[in-house]
*Asks:* 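Handing you a structure now.
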Amino acid sequence: MPLRLFNTLTKSKDGFAPIDAKNVRMYVCGPTVYDFAHIGNARPAIVFDLLYRLLRHEFGPTHVTYVRNITDVDDKINERALRDFPGLPLNQAIRNVTEKTEAQYHADVGALGCLPSTHQPRATEFIPDMMTLIGQLLARGHAYEAGGEVLFDTQSMPDYGRLSGRKLDEQQAGARIEVDAHKKHAHDFVLWKQSAENEPGWESPWGRGRPGWHIECSAMSAAYLGQTFDIHGGGLDLIFPHHENEIAQSRCAHGTPVMANVWMHNGFLQVEGEKMSKSAGNFFTIRELLADWPGEVLRFNMLRTHYRQPIDFTLAGIRESWKMLERWYALTEPLVDPAPDAAFLEALLDDLNTPAAIASLHQADELALAGGLGFMGFSNVQMKITQKSAVDEAEIYCAIETRKAARAAKNFAESDRIRDDLLAKGIVLKDRPQGTTWEAKR
RNA sequence: GGCCUCGUGGCGGAGUGGUGACGCAGCGGAUUGCAAAUCCGUGAACCCCGGUUCAAUUCCGGGCGAGGCCUCCA
């Protein structure tokens, strides 16, 4: 069974045929590094990591190029830099913010079992490429200078809005959008804008300035993947305007009919039934969650829901995920070279149907179970959590031995006291046939 | 207002024009000094109203409900 993927562009599940089977090319929009990544950010990282693994399986590990960028130029980063490092020169302050945040991001998604992407470009390293693109857009009549900015002329592109299903003439301009007077059309968007003294800037033909919010992805994808490539991914919310504008920029600059053949978008994440927001108090960073839960449990919890479905992130769900994963880990060790069975692979090949793939593992034999777990990126190495435990391991083993002796002497009052004592410290004992084991209470 | 998803047992979540997976929880049993863990077994669902059909949860239409995007946002 060939790989089929849901394409936002066609709104249907289509068979996947790469442009070049020797080099399957995928681009995914990465984080803007101004703050710790939250659990919602983890979803595309995990989803497209799984797709990366699947593509490598289908086309060969050396025949897939996966690019996930780091956005390190953004007005939110400037604000954060000025706030956190008021005494430093701006460039230094910005670098402090972005380098720290970027390192944390890579550590976070690594802990969630995501492989490093083939390339992880930073936007600031591609400013010249962006200028080139903007120059091409101006030369081809798709952009214009006004009010100190360079703007994309959306009316110059007949099928602008195709990805998001928006038609320019059907939109009520100005209804909720504040239209800048210098724009020819309400949907025109910024490619380059001038920077004030306290803003980062690069010298350009249009004055000292910085790039708009969309041009970076057009530049970086072209640099690594060419003018036309196979898959472009990101969150649902990026369809408009970000991806729509990327398509407009890339196609109009290069004169190509297509930017990426397949556009994939993961659904949103809610927390305990509500939209995650700082004001609602249900905002969780990946880092916070990793202090309480193994990364593999968080990963498994994410994959239990199909990537296009909304997911409700709940405590009960994480506990259930841990339980399932723990039982499977007790049964088998995932293989270094995973060999999943046909049922598992077919589920994944059907638009990454991870719930069906996971369900198939319940029926699988030990080898196929290990193969499936390994395929999805589970390593079976980090299930115990000791950070929250106030007791050190030697003390636990000592208590277990003492309790063993008490039980042998049928002093059950004492053995129960030891067990309750450990439980109060967050340690659960399990009397298995092979002997007593322990784990952190969850 | 425009565009787009989605409504399956207590919860999570596949799938299908004709006996409604699977997991968690629950219940019964085994095991255990008692628990936990483990093992075996087990009841329970397709939002509403029409239509097409021999037959619809599955297809079509309408309704109701939930969510998202239209503004930086995974």
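The chains referred to below are lettered A, B, ... by the order of the sequence lines, with proteins before strands, and numbering in each begins at 1.
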*Asks:* Would you tell me if any nitrogen or oxygen in the side chain of A:Asn353 comes within less than 4.0 Å of OP1 or OP2 on B:G15?
*Replies:*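 Yes, A:Asn353 has a side-chain N/O under 4.0 Å of OP1/OP2 on B:G15.
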
*Asks:* Which nucleotide, B:A35, B:C72, B:A74, lies nearest any side-chain atom of A:Leu269?
*Replies:*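 For the A:Leu269 side chain, the nearest candidate turns out to be B:A74.
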
*Asks:* When you get a sec, tell me which of B:C34, B:A74, B:A14 is the closest nucleotide to the side chain of A:Asn41?
*Replies:* B:A74

*Asks:* Starting from the 5' end of RNA chain B, give me the residue, A:Cys29 or A:Lys11, whose nearest nucleotide shows up first.
*Replies:* A:Lys11

*Asks:* Examine the base of B:G12 for any acceptor or donor lying under 3.5 Å from a partner atom in the side chain of A:Glu320, and report the outcome as yes or no.
*Replies:* no

*Asks:* Can you tell me if A:Arg327 touches the phosphate of B:C39, counting only side-chain N or O atoms and a distance under 4.0 Å to OP1 or OP2?
*Replies:* yes

*Asks:* Can you check whether any acceptor in the base of B:G33 is under 3.5 Å from a donor in the side chain of A:Asp416, or vice versa?
*Replies:* yes

*Asks:* Could A:Asp351 and A:Arg4 be called an ion pair, given the rule that one side-chain N must be under 4.0 Å from one carboxylate O?
*Replies:*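 No, no charged N to carboxylate O under 4.0 Å.
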
*Asks:* Check the orientation of A:Trp322 and A:Trp293. Use parallel for under 30°, tilted for 30 to 60°, and perpendicular for over 60°.
*Replies:* perpendicular

*Asks:* Nearest to the side chain of A:Lys323, heavy atoms from C-beta on, is which of B:A25, B:G23, B:G13?
*Replies:* B:A25

*Asks:* What's the closest nucleotide to the side chain of A:Arg407 if the choices are B:C34, B:A74, B:C70?
*Replies:*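 Selected nucleotide (nearest to the side chain): B:C34.
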
*Asks:* Any strand counts, and the cut-off is 3.5 Å on both contacts for Watson-Crick or G-U wobble. Which nucleotide pairs with B:G67?
*Replies:* B:C4

*Asks:* Once the angle between the rings of A:Tyr27 and A:His232 is folded into 0 to 90°, is it parallel (under 30°), tilted (30 to 60°) or perpendicular (over 60°)?
*Replies:* tilted

*Asks:* Whether A:Ser164 contacts B:C3 is assessed here as follows: a side-chain N or O lying under 4.0 Å from the phosphate OP1 or OP2. Is that the case?
*Replies:*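 Checking B:C3 against A:Ser164, no side-chain N or O comes under 4.0 Å of OP1 or OP2.
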
*Asks:* For the side chain of A:Thr305, starting at C-beta, report the closest nucleotide among B:G13, B:U32, B:A36.
*Replies:*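 Of the options given, the side chain of A:Thr305 lies nearest B:G13.
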
*Asks:* From B:G68, B:C72, B:C73, pick the nucleotide closest to the side chain of A:Lys76?
*Replies:*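 Out of B:G68, B:C72, B:C73, the nucleotide with an atom closest to A:Lys76's side chain is B:C72.
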
*Asks:* Might you confirm whether atom NZ of A:Lys100 has over 12 heavy atoms from other residues, nucleotides or ligands at distances under 6.0 Å?
*Replies:*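 Count not over threshold, so no.
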
*Asks:* With P as the reference atom in both, quote the distance from B:A45 to B:U19 in angstrom, rounded to an integer.
*Replies:* 14 Å

*Asks:* With both distances under 3.5 angstrom, what nucleotide forms a Watson-Crick or G-U wobble pair with B:G50?
*Replies:* B:C60

*Asks:* Given B:C22, B:A37, B:A74, which nucleotide is nearest the side-chain atoms of A:Asn266?
*Replies:* B:A74

*Asks:* What is the base-pairing partner of B:C27, counting Watson-Crick and G-U wobble geometry with both distances under 3.5 Å?
*Replies:* B:G41

*Asks:* With both distances under 3.5 angstrom, what nucleotide forms a Watson-Crick or G-U wobble pair with B:A14?
*Replies:* none

*Asks:* With respect to the side chain of A:Phe268, which nucleotide from B:A14, B:G33, B:A74 is positioned closest?
*Replies:*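 The closest nucleotide is B:A74.
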
*Asks:* Examine A:Tyr307 together with A:Phe6 and report whether their ring centres are nearer than 6.0 Å.
*Replies:* no

